[in-house]
Colleague: 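Pasting a structure below so you can have a look.
Chain identifiers are assigned alphabetically (A, B, ...) following the order of the sequence lines, protein sequences preceding nucleic acid strands; residue numbering begins at 1 within each chain.
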2 protein chains.
Amino acid sequence: MVTEQETTARTRVPLSKDRVLRAAVALADASGIEAVTMRKLAAELDVEAMSLYYHVANKEQLLDGMVDVVISEIEDECGGFAVPDNVEWKVALRTRIMTARAVMLRHRWAPELLETRTNMSARLVRYFDTVLGIMIEGGFSYDLGHHAMHALGSRVLGFNQELFKPDNDRQEEESNEMLAAMAEQLPYIVTMMQEITHEDPESTLGWCDDQAEFEFGIDLMLDGLERLRG
Amino acid sequence: MVTEQETTARTRVPLSKDRVLRAAVALADASGIEAVTMRKLAAELDVEAMSLYYHVANKEQLLDGMVDVVISEIEDECGGFAVPDNVEWKVALRTRIMTARAVMLRHRWAPELLETRTNMSARLVRYFDTVLGIMIEGGFSYDLGHHAMHALGSRVLGFNQELFKPDNDRQEEESNEMLAAMAEQLPYIVTMMQEITHEDPESTLGWCDDQAEFEFGIDLMLDGLERLRG
DNA sequence: ACCTGAACACCGTTCAAGT
DNA sequence: ACCTGAACACCGTTCAAGT
């Protein structure tokens, strides 16, 4: 019995802030951000809920840490946060944004979390610095760069603030049915639905699988900024 | 004693879904969305928490209802959701968006709520229909109108997805101090801070009091769309 | 028809205590 | 140094019961 205890104690990897954060990210990926409670996360780590408080001050800090893990992934995938040389600013910025987007698609809870956090991650600020840097080295004035940062907003992290939500369960059936019933109330939307044949039927409502719409929006802004840069 | 009971019973306005929703909006305005719990809302209405469930199925429906109240305010302030005649599309759309923005500034919890809701308010869809209608009547193809709706995203409701958050308590002191310490880590941002004299110092970080930045972003998109319309 | 009380299954978190 | 148990103040919600 004592031997068994010793064995498990030796086998078990000790907890650490890093391990806690990684487990939290994995849990959110698998079951959504609402499944990330101190108790469930602890269970995932085969530990009591209160043990987490030794590595993390409170839940706020846990969520901040999860954001940081996501930003780290972007940094890794970009090969660091240096402003590239010899690349046109628009290309450099666009590829960076698309890389960020790829990371966000792996962690679909991340956009909402990013937007609701009030603490600023230091790593996130460094990401913003290189985004700004790409524009400055590309010939932007600091004034225009500043406006651009605000205008791009969270788009620089590869996601869009869509307002049409997935409407998970019922997909086409009820939705089309509802729209048909409201035809005279919604003349333009109904006509649009009829005119536009969506290649990928589920891409209309989801925010994240609609790569083409995201790229349309990004290019609209980048082209506009290029024009203002002169 | 019986008389007193009768008096209070006669004096008290009976609960209704409408009264519940208005109270919830008022509570969120005053104390933030996190203060809107079934128990606190009930207390505000001088009623037990369980009484709310007679007028509202659950908390989800309560939050959906709050969104609907906000959209109603926009509708009222726009004088209904009809597509205006004899107004240039860009002007019509811009004023509508700015009206929505004014409403959002009165209910600062609303943007976050709008973005996290998964149920689509019928009234919100009608709002979108007139936004699309303005563009179609302004000479947009349905295809371009569709792209534009996605690109504008929640901006059509008058808010921006900012990633720099207020950082409420400590304003300049710690923030500037921190930036100075990170000067070599954040060369571009630090320079930008130095170069740009903000007329309104608190407008840089807050998402909502920065009217000028919002207008810059909106005009960037509207001008871009005008160019694509041809 | 409208409201309530007690109870349940969950939260985050504190604090004193264990090894 | 690291982890735990019991307890507290809060959630949303059910259900049987009151008027």
Colleague: Dot-bracket for DNA chain D, please, read 5' to 3', with Watson-Crick or G-U wobble pairs under 3.5 Å on both distances, ( ) within the strand, [ ] crossing, | other strand, . unpaired.
Modeller: ||.|||||...|||||.||
Colleague: Taking OH from Tyr53(A) and P from dT14(C), how many angstroms apart are they, rounded to a whole number?
Modeller: 7 Å
Colleague: Which residues satisfy the side-chain contact (heavy atoms from CB on, under 4.5 Å) test with Leu21(A), sequence neighbours excluded?
Modeller: Lys17(A), Leu62(A), Val69(A)
Colleague: Using only atom types and a distance under 3.5 Å, with no angle test, would you say the side chain of Thr116(A) pairs donor to acceptor with the backbone of Glu112(A)?
Modeller: yes
Colleague: Using whole Å, report how far CG of Asp46(B) lies from P of dC2(C).
Modeller: 19 Å
Colleague: Could you tell me the separation between the OH atom of Tyr54(A) and the P atom of dG18(C), rounded to a whole number of Å?
Modeller: 18 Å
Colleague: Applying side-chain contact (heavy atoms from CB on, under 4.5 Å), can you list everything that pairs with Ile33(A), at least two apart in sequence or on another chain?
Modeller: Ala28(A), Val36(A), Leu63(A), Met66(A), Trp109(A), Leu113(A)
Colleague: Mind jotting down which residue pairs meet the ring-ring contact (aromatic ring centres under 6.0 Å, His included) criterion with at least one end in residues 40-81 of chain B? Sequence neighbours excluded, please.
Modeller: Phe81(B)-Tyr127(B)
Colleague: Can a side chain N or O of Ser51(A) be found less than 4.0 Å away from OP1 or OP2 on dC2(D)?
Modeller: no
Colleague: Side chains of residues 71-78 of chain A: which donor-acceptor partners sit under 3.5 Å, not counting sequence neighbours?
Modeller:
unit_1	atom_1	unit_2	atom_2	d
Ser72(A)	OG	Asp68(A)	O	2.9
Ser72(A)	OG	Arg123(A)	NE	3.3
Ser72(A)	OG	Arg123(A)	NH1	3.3
Glu73(A)	OE1	Arg106(A)	NH2	2.7
Glu73(A)	OE1	His107(A)	NE2	2.9
Glu73(A)	OE2	His107(A)	NE2	3.0
Glu75(A)	OE1	Arg123(A)	NE	3.3
Glu77(A)	OE1	Arg106(A)	NH2	3.4
Glu77(A)	OE2	Arg106(A)	NH1	3.4

Colleague: In chain order, what residues pass the side chain to side chain donor-acceptor pair (under 3.5 Å) check against Tyr188(B), with sequence neighbours excluded?
Modeller: Glu137(A)
Colleague: Measure the distance from CG on Leu52(A) to C1' on dT13(C) and round it to the nearest whole Å.
Modeller: 12 Å
Colleague: Only counting residues at least two apart or in another chain, list the ones meeting side chain to side chain donor-acceptor pair (under 3.5 Å) with Glu215(B).
Modeller: Arg94(B), Gln211(B)
Colleague: May I have the distance from Leu45(A) (atom CG) to dC3(D) (atom C1'), rounded to whole angstrom?
Modeller: 13 Å
Colleague: Over how many whole Å does the gap from Arg19(A) atom CZ to dC3(D) atom C1' extend?
Modeller: 13 Å
Colleague: Could you run down the sub-3.5 Å N/O contacts of the protein with nucleotides 5-10 of chain C?
Modeller:
none

Colleague: Go through residues 55-64 of chain A and report each residue with a non-hydrogen atom lying under 4.0 Å from DNA chain C, sorted by number.
Modeller: Asn58(A), Lys59(A)
Colleague: Test of understanding: with side chain to side chain donor-acceptor pair (under 3.5 Å), list the residues that count as partners of Thr191(A), not counting sequence neighbours.
Modeller: none
Colleague: Could you name each residue pair satisfying salt bridge (charged side-chain N to carboxylate O under 4.0 Å, His left out) that touches residues 47-65 of chain A, not counting sequence neighbours?
Modeller: Glu60(A)-Arg117(A), Asp64(A)-Arg117(A)
Colleague: Would the distance check show the side chain of Asn58(A) and the main-chain N or O of Gln61(A) forming a donor-acceptor pair, the cut-off being under 3.5 Å?
Modeller: yes
Colleague: Report the distance from atom CD of Glu34(A) to atom C1' of dC11(D), rounded to the nearest whole Å.
Modeller: 16 Å
Colleague: Checking Glu44(A) now: which residues fulfil side chain to side chain donor-acceptor pair (under 3.5 Å) with it, not counting sequence neighbours?
Modeller: none
